[in-house]
Amino acid sequence: MPAQEQGSEKTKTFYLETFGCQMNAHDSEKVVGTLVSEGYRQVPTVEEAGLVLYNTCSIRDKAEQKVFNRLNDYKKYEKQGKKFGVLGCVAQQQGKEIFEKAPYVSLVAGSASYRNLPQMLVQLEAGNRRVTGLDDRETDECFETEFTARTNPHRGYITIIEGCDKFCSYCVVPFTRGKERSRTSESVLAEARQMAALGYTEIQLLGQNVNSYRDPAGDRAGKRSFAELLAAVAQVEGIRRVRFTTSHPRDFGRDIIEAIHAVPALCDHVHLPVQSGSTRVLDAMQRLYTREQYLERIAWMKAARREISITTDIIVGFPGETEADFQETLGLLDEVGYDGVFAFKYSPRPNTPSFTMLDAIPDEEKSRRLNVLLETQRALQKASYQKHVGQQIEVMVEGRNEARQQWQGRTSQNKTLNFTAPEGVSLEQGSYVPVVVTTAFPNSLLGEMVV
Ligand code: 5AD
Ligand code: SF4
């Protein structure tokens, strides 16, 4: 009996590795919470675990390959009775094919099925070798759980909308995360209040496209638009910073900027992915806006009373992107003056409309464009970060770099501002302090704490 108990104890441990975006990071917090509430214990290594889970990303081919490499590295442990599960976007995208590719995997579940995790765990425990959770795009349910195991005690995510209905021609997300479904604003606010009561001061509202948030509240009086929800979360007592990601230019309304004006706790940063500076390419990408319409939204932000920091995502080497198109994207960088750019080489994804498009750009050319773009942005950012020198900015303390004798901080604009403090000063992680900026680098700032 004790031996058997020990055996079942062993299978009740799990290891989870997460790949990909913030949505995945937050899903993992919910998955961990759910597993713990089902009696599992999280362990830090594959070796110690009975159940090995990968929460995967399939946005680009490279990300997808990573999980198969991992599975290959660790399949030797199957003999010891370890079970393997693939969660997230690769699971949803490839479905049962994963069992063929990696026969030692016994759980495949996409994010739209996580609410059924407890039942799936029971099946796994019963020895089922082919457990699946592959709800398709049709689900109306969100994954709401009271068991979220947040990893940071000061700053946390809240999902407000899941899925995406935009179908940009290069993107797997509408297939892997299902159709758009929003949570009620009351449930979002309840979670925000609960987090504030636990001592959280920063909240990041998450969704694939937060601007298409639609409050499903039946009661008309309590119904909130996205901008109203932003303002309401930022007014929860104890919450000092609210961020949101990701925005889609087509749905990005002026009311968001008005909310940023009116509510100081809303951070002065907007991530607004443009993907390309060429209207021709935007059209082929099915982005539903032109360069001019995008720039109109940028103009709203530039006219705001608070200076709003703008960051973006760009794809280079989309099929048929000419040198002239690419030059338009470079020109846009200069025109907007981004504070950060996440740039990617186009990666053809199975089942997406652009997969079969002609005029593929050779990989070397994609690499060249990516490098030119990053170099251009680096030079622009180096100049634009300079404007902060001499400014006094409040940071949230994130930690300490002993080797450099510096504290690490983050500004409301989401910039890294490292700083020194007088000897003997000890700062708590998650506290807020004023810092005067002394030096600017292309990706971070350096300063001195004001005492
Ligand atoms: N290839 C390259 N980049 C992509 N992204 C989305 N799909 C692809 C793809 N097929 C990028 C977009 C998006 C970001 C999260 O990833 O820029 O905004
Ligand atoms: Fe993908 Fe476009 Fe939806 Fe973003 S808006 S998740 S890029 S389909």
Side-chain angles (χ1 to χ4, degrees), residues 19-27 56-66 88-90 92-93 110-112 137 159-182 206-213 226 244-252 270-278 281-289 293-294 297 310-321 326 329 332-333 336 338 340-357 360-363 365-367 369-370 373-374 377:
F19 301 88
C21 63
Q22 289 149 316
M23 295 287 281
N24 263 15
H26 185 44
D27 279 347
T56 61
C57 169
S58 59
I59 196 103
R60 283 168 290 275
D61 186 54
K62 250 195 200 155
E64 187 165 315
Q65 288 320 317
K66 266 191 208 159
C89 291
V90 176
Q92 188 66 43
Q93 177 90 348
S111 64
R137 282 192 49 76
T159 309
I160 63 165
I161 176 170
E162 293 185 34
C164 181
D165 287 346
K166 278 286 178 293
F167 291 98
C168 301
S169 63
Y170 50 80
C171 186
V172 286
V173 168
F175 307 99
T176 60
R177 286 190 167 271
K179 71 176 179 190
E180 279 178 0
R181 49 218 193 268
S182 299
L206 287 184
Q208 223 55 244
N209 175 7
V210 287
N211 312 117
S212 56
Y213 175 80
F226 172 59
F244 55 97
T245 197
T246 285
S247 291
H248 190 290
R250 162 86 171 208
D251 304 323
F252 187 90
V270 171
H271 183 65
L272 197 62
V274 67
Q275 312 299 0
S276 168
S278 151
V281 174
L282 288 172
D283 191 46
M285 289 177 164
Q286 293 171 32
R287 286 292 286 178
L288 310 174
Y289 55 85
Q293 285 165 333
Y294 180 84
R297 275 126 189 97
I310 308 165
T311 55
T312 202
D313 292 347
I314 288 175
I315 296 176
V316 297
F318 189 78
E321 184 190 66
F326 177 59
T329 301
L332 188 88
L333 296 184
V336 176
Y338 291 109
V341 171
F342 300 89
F344 312 99
K345 290 195 278 185
Y346 169 71
S347 167
R349 306 308 295 130
N351 304 325
T352 60
S354 65
F355 189 65
T356 48
M357 277 183 191
I361 308 293
D363 192 57
E365 179 58 14
K366 286 187 206 168
S367 300
R369 290 184 193 177
L370 183 68
L373 185 125
L374 292 174
Q377 178 57 24

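This structure is a prediction, so every number in the text was calculated from the model and none was measured. In each ligand, atom 1 is the first atom listed, and ligand 1 is the first ligand listed. Basis for what follows: all heavy atoms, side chains included, without hydrogens, waters or symmetry-related copies.
Nearest non-hydrogen protein atom to atom 7 (N) of ligand 1 is Tyr170 CD1, 3.3 Å. The protein heavy-atom contact nearest to atom 2 (C) of ligand 1 is Lys345 O, 3.3 Å. The shortest contact between atom 7 (S) of ligand 2 and any protein heavy atom is with Tyr170 OH, 3.4 Å. Nearest to atom 14 (C) of ligand 1 among the protein's heavy atoms is Asp313 OD2, 3.5 Å. In terms of protein heavy-atom proximity, atom 10 (N) of ligand 1 is nearest to Ser347 O, 2.8 Å. With respect to atom 3 (N) of ligand 1, the closest heavy atom belonging to the protein is Arg60 NH1, 3.2 Å.
Each of the atoms 12 (C), 13 (C), 17 (O), 18 (O) of ligand 1 lies under 4.0 Å from some heavy atom of Gln275. Near Pro174, meaning under 4.0 Å from one of its heavy atoms, ligand 2 places the atoms 8 (S). Of all atoms in ligand 2, listed by their number and element, those nearer than 4.0 Å to a heavy atom of Cys171 are 1 (Fe), 6 (S), 7 (S), 8 (S). In the vicinity of Phe167, heavy-atom distances shorter than 4.0 Å reach the ligand 2 atoms 8 (S). For ligand 2, the atoms lying closer than 4.0 Å to a non-hydrogen atom of His248 are 5 (S).
The heavy atom nearest to atom 2 (Fe) of ligand 2, out of those in Pro273, Cys168, Gly163, is found in Cys168. Taking all heavy atoms of Arg287, Gln208, Lys166 into account, the minimum distance to atom 6 (S) of ligand 2 is reached by Gln208.
When the options Phe252, Phe244, Phe342 are evaluated for a ring pair (Phe, Tyr, Trp, His ring centres under 6.0 Å) with His271, the one that passes is Phe342.
If you look at Ile59 next to ligand 1, the close heavy atoms, those under 4.0 Å, come from the backbone and the side chain alike. Here Phe344 has side-chain heavy atoms under 4.0 Å from ligand 1, and that is the only part of it that gets that close. When non-hydrogen atoms are compared, ligand 2 lies under 4.0 Å from neither the backbone nor the side chain of Asn209.
When distances to atom 1 (Fe) of ligand 2 are checked against a cut-off of 2.8 Å, Cys164 contributes no N, O or S atom below that limit.
In this structure, a donor-acceptor pair under 3.5 Å is absent between the side chains of Gln93 and Ser58.
The number of heavy-atom neighbours closer than 6.0 Å to CZ of Arg181, taken from other residues, nucleotides and ligands shown, is above 12.
Counting heavy atoms from C-beta outward, Ser347 and Lys366 have side chains that stay 4.5 Å or more apart.
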